[in-house]
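Just passing along the structure, written as structure tokens.
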2 protein chains.
Amino acid sequence: MGRRTIRNMEEFAALIGISRPTLSKYFHDPDSVRQSTRARIESAVERYDYRPNFFAMNQNRKLTKNIGIVVPYLADPFFAEIVRVIERQCISAGFSPTVFSSHGETELENDILDTLRSLKLAGALLAPLGRVSDKSAIETFCENVPTVLFDSNLEGMGEAFVGSDNHSFVEQTVQYLCRTGEPPCFYEMRNPANPNANKRRNAYIAVMEEMGLEPQFVRIDGQGWEFEEIGREGGLKVLREKSLPTNTVLCSNDRLAIGFLSACYENGVSVGRGNDCELRVASHDDHPFSKFTCPSLTTAAHDYAAVSDQAVETLFRLIESGGRFDTRTETQFPARLIMRESA
Amino acid sequence: MGRRTIRNMEEFAALIGISRPTLSKYFHDPDSVRQSTRARIESAVERYDYRPNFFAMNQNRKLTKNIGIVVPYLADPFFAEIVRVIERQCISAGFSPTVFSSHGETELENDILDTLRSLKLAGALLAPLGRVSDKSAIETFCENVPTVLFDSNLEGMGEAFVGSDNHSFVEQTVQYLCRTGEPPCFYEMRNPANPNANKRRNAYIAVMEEMGLEPQFVRIDGQGWEFEEIGREGGLKVLREKSLPTNTVLCSNDRLAIGFLSACYENGVSVGRGNDCELRVASHDDHPFSKFTCPSLTTAAHDYAAVSDQAVETLFRLIESGGRFDTRTETQFPARLIMRESA
DNA sequence: AACAAAATTTTACGCGCGCAAATTTTCCAG
DNA sequence: CTGGAAAATTTGCGCGCGTAAAATTTTGTT
């Protein structure tokens with residue numbers, strides 16, 4: 001609707017009949033100007049469709065309202081879902097989140113961190129790749145940008161860590177499975193990239209030994225992030241070779257379990273907790289699709305809401321504290337057992 | 001490892017012993033400076049870990065190398081997957097892609113477009129919300145930013161459209177199902193947000209009538225983007241009421257089908273193409289998880305590679321053409337039938 | 001060794017806005 | 001009506017880099 005296009009804030013201010021610094025102040029915080037002035041500005045913004053230049057705006061600002069969100073693999077529904085929630089919370093709080101995915105690659109993660117560093121972020125929420133992360137690159141990043149780690153913890157990096165308590169996941173599933181049937185073997189990738197996988201393995205060993213039982217592993221081959229396919233191939237193999245040591249399988253994560261269940265179905269192996277079933281399968285994560293597997297998957301759920309709330313809230317506190325905490329805190333939320341049909 | 005931190009390009013240039021404009025030229029295109037100069041610069045970049053200020057860089061540039069990617073719902077694995085591929089291609093071509101998700105909300109889509117407009121994008125790849133998109137907002141955006149639409153077509157908007165041919169999807173599934181058994185009914189949401197859903201419905205009607213068959217619909221209620229849950233609830237309802245008009249169900253998309261299959265499993269309804277099965281189920285999209293459903297899902301697949309390749313390639317051509325095409329082109333790739341176990 | 005072409009340097013200006021200090025105007029209560 | 005605080009304005013500088021034109025150096029060729 002604007003008669004002509006506005007070049008800059010100077011012109012726009014003149015058009016409204018106020019000074020540029022006042023306008024600048026308005027864009028920085030609409031409540032910092034008088035109500036009548038604000039109304040005039042806002043009606044003019046409507047009419048002329050003016051927006052301040054993003055780059056000029058951020059160039060001289062001490063601190064921007066930009067937040068960087070980095071996850072290892074955005075095509076994983078688990079991360080997609082948690083990012084979805086976190087993004088919304090940042091927007092609600094008046095920040096501008098930007099999402100990046102490392103696509104499972106160390107080099108890309110480093111590139112993203114480099115890009116982010118030049119963005120004068122107010123803060124960053126970083127879920128690192130884990131084992132394949134370039135530790136020194138992440139350390140350098142955290143020194144330059146107020147960062148809260150989530151999902152995967154890297155010893156001492158960032159101002160805080162928020163995630164789930166892997167021990168709690170495994171403890172609940174193992175105890176439940178032992179209480180209701182044969183003790184489970186642990187189905188996992190031989191070389192998992194994610195540090196959470198190692199923690200789950202260790203938790204499994206600890207819980208089993210505590211109960212006086214011997215840990216048993218089914219380790220499958222595979223690289224990359226296509227966990228369903230890896231879980232399926234591994235499942236087809238162990239079913240063909242009949243090498244499962246027990247009738248109860250505890251998968252390290254839901255994506256592996258989804259693949260494993262598909263292998264069971266294909267081989268006509270009945271899964272469930274009924275007496276007529278050959279196998280019980282449980283897992284961890286409460287993946288968005290675990291409700292729709294056949295049978296539906298018994299799993300230990302992340303407290304998605306608590307993790308994302310806490311991560312975001314911690315970051316906001318960090319930003320308000322000027323980017324540094326006195327002591328690094330680690331928050332880990334316990335899991336919640338979701339009993340469905342598979343075990 | 002730098003002794004001190006470099007403030008700006010001036011300082012950095014002095015440190016290397018070259019002029020600032022040469023350095024600027026290098027960052028714009030490393031091949032535009034002499035080989036020996038380039039080597040000196042690059043070794044210094046390593047040593048001092050200097051990066052030009054992102055905001056100052058983009059402020060006066062005529063054209064940036066930034067590309068905006070917008071999808072309606074990033075937590076949908078279909079979009080997550082296609083974004084993953086597109087993002088990589090942009091990076092390989094030397095661009096800086098930034099991904100945004102509209103989270104299924106009109107208002108958020110508009111906000112994103114506003115943000116993007118102030119980013120001086122070289123170009124944008126936009127998959128609009130569809131029915132709930134603010135058409136005028138999208139039109140304004142496309143007038144200001146070189147845009148290629150993908151996935152959902154909006155009449156006349158953007159410089160080009162790249163997507164899949166919905167008619168081809170439905171034609172192949174319907175013909176296959178009719179050839180091998182009872183004609184399918186069409187299982188869909190009553191009020192789908194995505195325009196592709198309407199096109200699939202119309203294609204179903206057309207193909208059925210062409211074969212002299214009467215189209216039959218199963219329309220289920222539900223709002224939002226949780227298609228699996230909607231498909232499941234709808235499935236439980238029709239199975240309870242025994243209101244399926246045929247023994248063959250063609251779902252509008254895979255996510256509905258995933259929910260429907262889960263409802264079938266729960267009700268003990270056997271799905272598959274065997275003689276002992278009660279129901280056949282097929283669908284469209286070749287969702288990343290459709291291979292792992294039980295039974296695995298027979299579906300019409302997007303040519304993911306072709307769509308993303310073509311979308312990206314079209315955008316690059318558009319950018320090189322200065323942001324405008326003489327005529328708006330629409331490219332639609334045919335589907336490929338993937339026969340699995342469900343039908 | 002001379003010379004044209006390519007690369008680099010010098011010089012100079014501008015982008016659009018942040019920000020700070022001092023001044024003026026506006027507002028509300030007494 | 002008046003005083004004082006809050007809000008708005010004026011003034012002016014600076015950010016870090018893009019970019020253009022002209023002058024200079026380097027490079028490769030005959």
Practice task
Starting from the 5' end of DNA chain C, give me the residue, B/Arg38 or B/Asn60, whose nearest nucleotide shows up first.
Solution key: B/Arg38

Practice task
Please state how far atom CD1 in B/Ile16 lies from atom P in C/dT9, giving the value in whole angstrom units.
Solution key: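 Whole-Å distance recorded here is 10 Å.
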
Problem - Spacing of B/Asp29 atom CG relative to D/dT19 atom P, expressed in whole Å - result: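 Value for this atom pair: 12 Å.
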
Handout entry: hbond_proxy A/Arg20 side chain to C/dG16 base (donor-acceptor, 3.5 Å cutoff)
Key = no

Practice task
Hey, which sits more toward the 5' end of DNA chain C by its nearest nucleotide, A/Glu10 or A/Arg34?
Solution key: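 Looking at the nearest nucleotide for each, A/Glu10 comes out on the 5' side.
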
Completion exercise
Among the nucleotides C/dG18, D/dC17, C/dC15, whichever has the atom closest to the side chain of B/Gln59 is C/dC15

Completion exercise
Note: for A/Thr22 and B/His28 on DNA chain D, the residue whose nearest nucleotide lies more 5' is A/Thr22

Practice task
Return no unless some side-chain N or O of A/Thr37 is found under 4.0 Å from OP1 or OP2 of D/dA8.
Solution key: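 So the side-chain polar atoms of A/Thr37 do come within 4.0 Å of the phosphate oxygens OP1 or OP2 of D/dA8, strictly under.
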
Handout entry: From D/dT9, C/dG16, D/dT19, nucleotide with atom closest to A/Ile18 side chain
Key = D/dT9

Practice task
Taking only the side-chain heavy atoms of A/Pro21 (C-beta and beyond), determine which of D/dC17, D/dT11, C/dC17 contains the nearest atom.
Solution key: D/dT11

Fill in the blank from the handout: B/Leu149 and B/Met157 have their tightest heavy-atom pair at CD1-O, 3.5 Å

Practice task
May I have the distance from A/Met9 (atom CE) to C/dC19 (atom P), rounded to whole angstrom?
Solution key: 11 Å

